[in-house]
Novice: 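Starting off with a structure, shown below.
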Amino acid sequence: MSTSAPRYSVEVLALFDRLPGTVERTAGEGVAVTGEVAAPERGAWVRFDARVGAGRLLACEYRAWGCPHVLAGAARTAAGLCGSALADAAPLAARELQQALGAPAEKLGRLLVVEDAATALLAAARAVQCR
């Protein structure tokens, strides 16, 4: 049995690079902000990109690497934050994501990465609004 990293075809890598609902950077009105957390030891990386203006998250997109639960958690979180007032915005806690997605307990650490990245995004957005 090989212990090397999995190899992916050019087609898989190309499709992963343009998954629906994911982008490199959010374009449009407002100030761009990012929240990112990498935890390779947990098998997860999540980055949220958003535009902030008038006290709201005007747009919110994600890039993620990990199991399907990480990808689904990032997608759900991005959709839930989009349009939110910064004063009220909060990411779903990892346990809430776990329940909403029907994820097994062993995925909780990976879903914490999603929660932490969203928390970092909100902190960056609120810092921009305070300027």
Side-chain angles (χ1 to χ4, degrees):
M1 185 162 131
S2 173
T3 58
S4 64
R7 294 186 186 270
Y8 298 105
S9 70
V10 171
E11 180 66 12
V12 167
L13 293 173
L15 287 169
F16 180 79
D17 203 36
R18 62 179 191 272
L19 287 172
T22 65
V23 295
E24 281 299 316
R25 294 280 177 220
T26 301
E29 293 180 26
V31 178
V33 294
T34 298
E36 180 176 3
V37 173
E41 70 283 358
R42 289 186 176 159
W45 166 80
V46 177
R47 184 180 76 210
F48 291 104
D49 292 308
R51 287 277 188 197
V52 179
R56 303 188 86 71
L57 288 171
L58 303 175
C60 187
E61 288 133 358
Y62 71 95
R63 296 280 294 170
W65 174 84
C67 71
H69 293 104
V70 170
L71 301 177
R76 185 177 185 113
T77 298
L81 290 175
C82 190
S84 296
L86 287 176
D88 303 325
L92 283 176
R95 288 208 183 274
E96 292 173 305
L97 274 175
Q98 178 190 11
Q99 288 180 337
L101 299 172
E106 60 268 14
K107 300 293 181 157
L108 187 59
R110 292 177 181 179
L111 294 175
L112 281 167
V113 173
V114 176
E115 179 185 352
D116 290 347
T119 299
L121 174 76
L122 290 172
R126 289 178 177 128
V128 164
Q129 289 295 290
C130 290
R131 289 185 202 162

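What you see is a predicted model, and the numbers here were worked out from it, not measured in a lab.
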Novice: Provide the closest heavy-atom pair for Arg51 versus Gly30 in the form atom of the first, atom of the second, distance.
Specialist: NH1-O, 2.9 Å
Novice: What distance separates Arg110 CZ from Leu97 CG, expressed to the nearest 0.5 Å?
Specialist: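 Nearest 0.5 Å value for the CZ-CG distance: 14.5 Å.
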Novice: Out of curiosity, Leu108 CG to His69 NE2, how far, rounded to the nearest 0.5 Å?
Specialist: 12.0 Å
Novice: Between Leu58 and Val52, is the side chain to side chain contact (heavy atoms under 4.5 Å, CB included) condition met? List the steps.
Specialist: CA-CA 6 Å; Leu58 303 175; Val52 179; over 6 Å; no
Novice: Taking all atoms of both residues into account, what is the closest heavy-atom pair of Ser84 and Ala89, and its distance?
Specialist: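 Residues Ser84 and Ala89, closest heavy atoms: CB-CB, 3.8 Å.
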Novice: Just list the side-chain donor-acceptor pairs under 3.5 Å for residues 111-121, sequence neighbours left out, or say none.
Specialist:
{"unit_1": "Glu115", "atom_1": "OE1", "unit_2": "Ala94", "atom_2": "N", "d": "2.8"}
{"unit_1": "Thr119", "atom_1": "OG1", "unit_2": "Glu115", "atom_2": "O", "d": "2.9"}

Novice: Ala54: which residues meet the side-chain contact (heavy atoms from CB on, under 4.5 Å) condition with it, sequence neighbours left out?
Specialist: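 Testing Ala54 for side-chain contact (heavy atoms from CB on, under 4.5 Å), a comparison that skips the adjacent residues, returns none.
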Novice: Indicate the atoms forming the closest heavy-atom contact of Leu101 with Ala72, along with that distance.
Specialist: CD2-CB, 4.0 Å
Novice: Would you compute the distance between atom CG of Leu122 and atom CG of Leu86 and round it to the nearest 0.5 angstrom?
Specialist: 7.0 Å
Novice: Pair Thr34, Asp49 - check side chain to side chain contact (heavy atoms under 4.5 Å, CB included), show working.
Specialist: CA-CA 5 Å; Thr34 298; Asp49 292 308; 2.8 Å; yes
Novice: Out of curiosity, Lys107 NZ to Arg42 CZ, how far, rounded to the nearest 0.5 Å?
Specialist: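 Here the rounded value is 13.5 Å.
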Novice: If you round to the nearest 0.5 Å, how far is CZ of Arg56 from CG of Asp88?
Specialist: 8.0 Å
Novice: For Thr77 and Phe48: C-alpha separation, side-chain torsions, deciding distance, then whether side chain to side chain contact (heavy atoms under 4.5 Å, CB included) applies.
Specialist: CA-CA 9 Å; Thr77 298; Phe48 291 104; 3.7 Å; yes
Novice: Search all heavy atoms of Trp65 against all heavy atoms of Gly43 and return the closest pair with its distance.
Specialist: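 Heavy atoms of Trp65 and Gly43 come nearest at CZ3-C, 3.2 Å.
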Novice: Rounded to the nearest 0.5 Å, what's the gap from CZ on Arg47 to CZ on Arg63? Could you check?
Specialist: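 Separation between the atoms: 7.0 Å.
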Novice: Locate the shortest heavy-atom distance separating Ala74 from Ala64; write the atom from each residue and the value.
Specialist: CB-CB, 4.1 Å
